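So you know, we letter chains A, B, ... as the sequences are listed, proteins then strands, and number each from 1. Atom set for the values below is all heavy atoms of this structure, side chains included, hydrogens, waters and symmetry mates excluded. This is a predicted model, so every value here is computed, not measured.
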Amino acid sequence: MPELPEVETTRRGLEPHLVGARIAAFDVREARLRWPVPAELVERLVGQRVSAIRRRSKYLLIDVDGGSALVHLGMSGSLRFDAQTDPRRTHDHLQLHLETGLLLRYNDPRRFGCWLWQPAGETHPLLSRLGPEPFSEDFDANRLWRLSRGRQSAVKNFLMDPAIVVGVGNIYASEALFRAGIDPRRAAGRVALARYQRLAEVVRTVLGEAIDQGGTTLRDFLRPQGTPGYFAQSLNVYDRAGAACRRCATPIRRVVLGQRASFYCPQCQR
DNA sequence: CATCGGACCTGTTAGC
DNA sequence: TGCTAACAGGTCCGAT
């Protein structure tokens, strides 16, 4: 489900009620996530006060003394604030009881997400090989151009490679390539520098606009307070196969690249 | 190295 | 109405 804008939206929704709160209890109802939830995580979190919540790529880091909970939402994970009296729902696998009385619940039907422990001062192996954040200075056209030379794989797959740049998932890769006018099937090594210039810009603007809109709610994404995101109404190509291009009215096409559905306008994207 | 396919899971929907 | 197959916002890992 979540790409960078949805994770950032989640982070912003958690921040006001989570930072400064002490964790009174941490219930693991189902430890079988992508990797088993380690017992150490429970020991490390209970009794601690949350000092910050950060995001790196699509991971959330909940900081306490001694380290951080490293949280990934996978395809179907979500975090939600509940009152103590709200009943647990199906797939509510974890719950943090805050001393304020709020309950932070982690729901994840497919269990592709993870909750792990990262000791202070260490970088978890999952984070160690990630490329730059899209809003950082390290992400620019030169990087895209340099790293793509000789690459035969589709530029869409290249853009979704977290070693190149983090946070661009299936929705926003299609959307960015539409805005840049680049055919998603084009070999990454056959995209010129000037076009990567445009791509780097629109990756930032599309992600930024999506964050401003609270993310994209296609089926079930909700913010921690229960409200949907509104970026779905701004999508130009994603999930619009057969519909008219908003720019030229040509029917949007769907193709599969790297086993993922990809959408583009055959007229606007070359 | 780059690239590909399979793996991990459950829920929803389209199609017969 | 019921069954089945395809598909879903991620990404790691092993084989080639």
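The interatomic distance linking A/Leu218 (CG) with C/dC7 (C1') rounds to 13 Å, in whole Å. As a whole-Å value, the separation of A/Leu222 CG from C/dG9 P is 18 Å. Computed from coordinates, the A/Phe231 CZ to C/dG9 P distance equals 16 Å when rounded to whole Å. Counting to the nearest Å, the P atom of B/dA2 and the CE atom of A/Met160 are 18 Å from each other. The distance between atom CG of A/Asp220 and atom C1' of C/dA8, rounded to the nearest whole Å, is 9 Å. For the pair A/Gln259 CD and B/dC4 P, the interatomic distance rounds to 9 Å; values are reported in whole Å. If you take CG of A/Leu257 and C1' of C/dA8, they are 17 Å apart, rounded to a whole angstrom. Following rounding to the nearest Å, A/Arg219 (CZ) and C/dC7 (P) show an atom-to-atom distance of 12 Å.
Close to C/dG9, at under 4.0 Å from its OP1 or OP2, lies a side-chain N or O of A/Tyr238. Phosphate contact (OP1/OP2 of B/dC9, side-chain N/O of A/Arg32, threshold under 4.0 Å): absent.
Pairing for C/dG9 is absent, with no Watson-Crick or G-U wobble pair whose two atom distances lie under 3.5 Å. Base pairing of B/dC9 is not made with any nucleotide, judged by Watson-Crick or G-U wobble geometry with both donor-acceptor distances under 3.5 Å.
Between the base of B/dC9 and the side chain of A/Arg110 there is a donor-acceptor pair shorter than 3.5 Å.
Within 4.0 Å (heavy atoms only), A/Asp108 reaches no atom of the nucleic acid at all. Looking at heavy-atom distances under 4.0 Å, A/Gln152 makes contact with sugar-phosphate atoms alone, never a base. Across all strands, A/Thr216 comes closer than 4.0 Å to base atoms (heavy-atom distances). Note on A/Phe221: a base of the nucleic acid sits closer than 4.0 angstrom, heavy atoms only. Contact annotation for A/Phe158: no contact, since no heavy-atom pair falls under 4.0 Å across all strands. Base contact: A/Arg34 has a heavy atom under 4.0 Å from a base atom. Among the protein residues, A/Arg254 comes within range of the sugar-phosphate backbone only, with heavy atoms under 4.0 Å from sugar or phosphate atoms but none that close to a base. Within 4.0 Å of A/Arg151, counting heavy atoms only, lie sugar-phosphate atoms of the nucleic acid but no base atom.
The side chain of A/His91 lies closest to B/dT10, out of B/dT10, B/dG5, C/dG9. Checked against C/dA8, B/dG5, C/dG10, the side chain of A/Phe112 finds its nearest nucleotide in C/dG10. Among the nucleotides C/dA8, C/dC12, C/dG9, the one closest to any side-chain atom of A/Ala261 is C/dA8. Checking B/dC8, B/dC4, C/dT11 against the side-chain heavy atoms of A/His72 singles out C/dT11 as nearest. For A/Arg260, counting side-chain heavy atoms from C-beta on, the closest listed nucleotide (C/dG10, C/dA8, C/dC12) is C/dG10.
Using a cut-off of 4.0 Å between Lys/Arg side-chain N and Asp/Glu carboxylate O, A/Arg12 and A/Glu15 are scored as not salt-bridged. By the 4.0 Å N-to-carboxylate-O rule, A/Asp63 lies close enough to A/Arg54 to be salt-bridged with it. A salt bridge links A/Glu133 to A/Arg55: at least one charged side-chain nitrogen sits closer than 4.0 Å to a carboxylate oxygen.
If you run side-chain contact (heavy atoms from CB on, under 4.5 Å) between A/Leu70 and each of A/Ile62, A/Leu127, A/Leu41, A/Leu60, only A/Leu127 comes through.
Nucleotides C/dT4 and B/dC9, compared at atom P, are 22 Å apart to the nearest Å. Comparing the same atom, C1', in C/dG9 and in B/dT3 gives a spacing of 23 Å after rounding to whole Å.
Remark: side-chain polar atoms of A/Thr217 are paired, donor with acceptor, to backbone N or O of A/Gly229 under 3.5 angstrom.
Relative ring orientation between A/His72 and A/Tyr59 is described as perpendicular, the plane-to-plane angle rising above 60° on a 0-90° scale split at 30° and 60°.
A cation-pi arrangement is present between A/Arg247 and A/Phe178 under the rule of less than 6.0 angstrom and at most 45 degrees off the ring axis.
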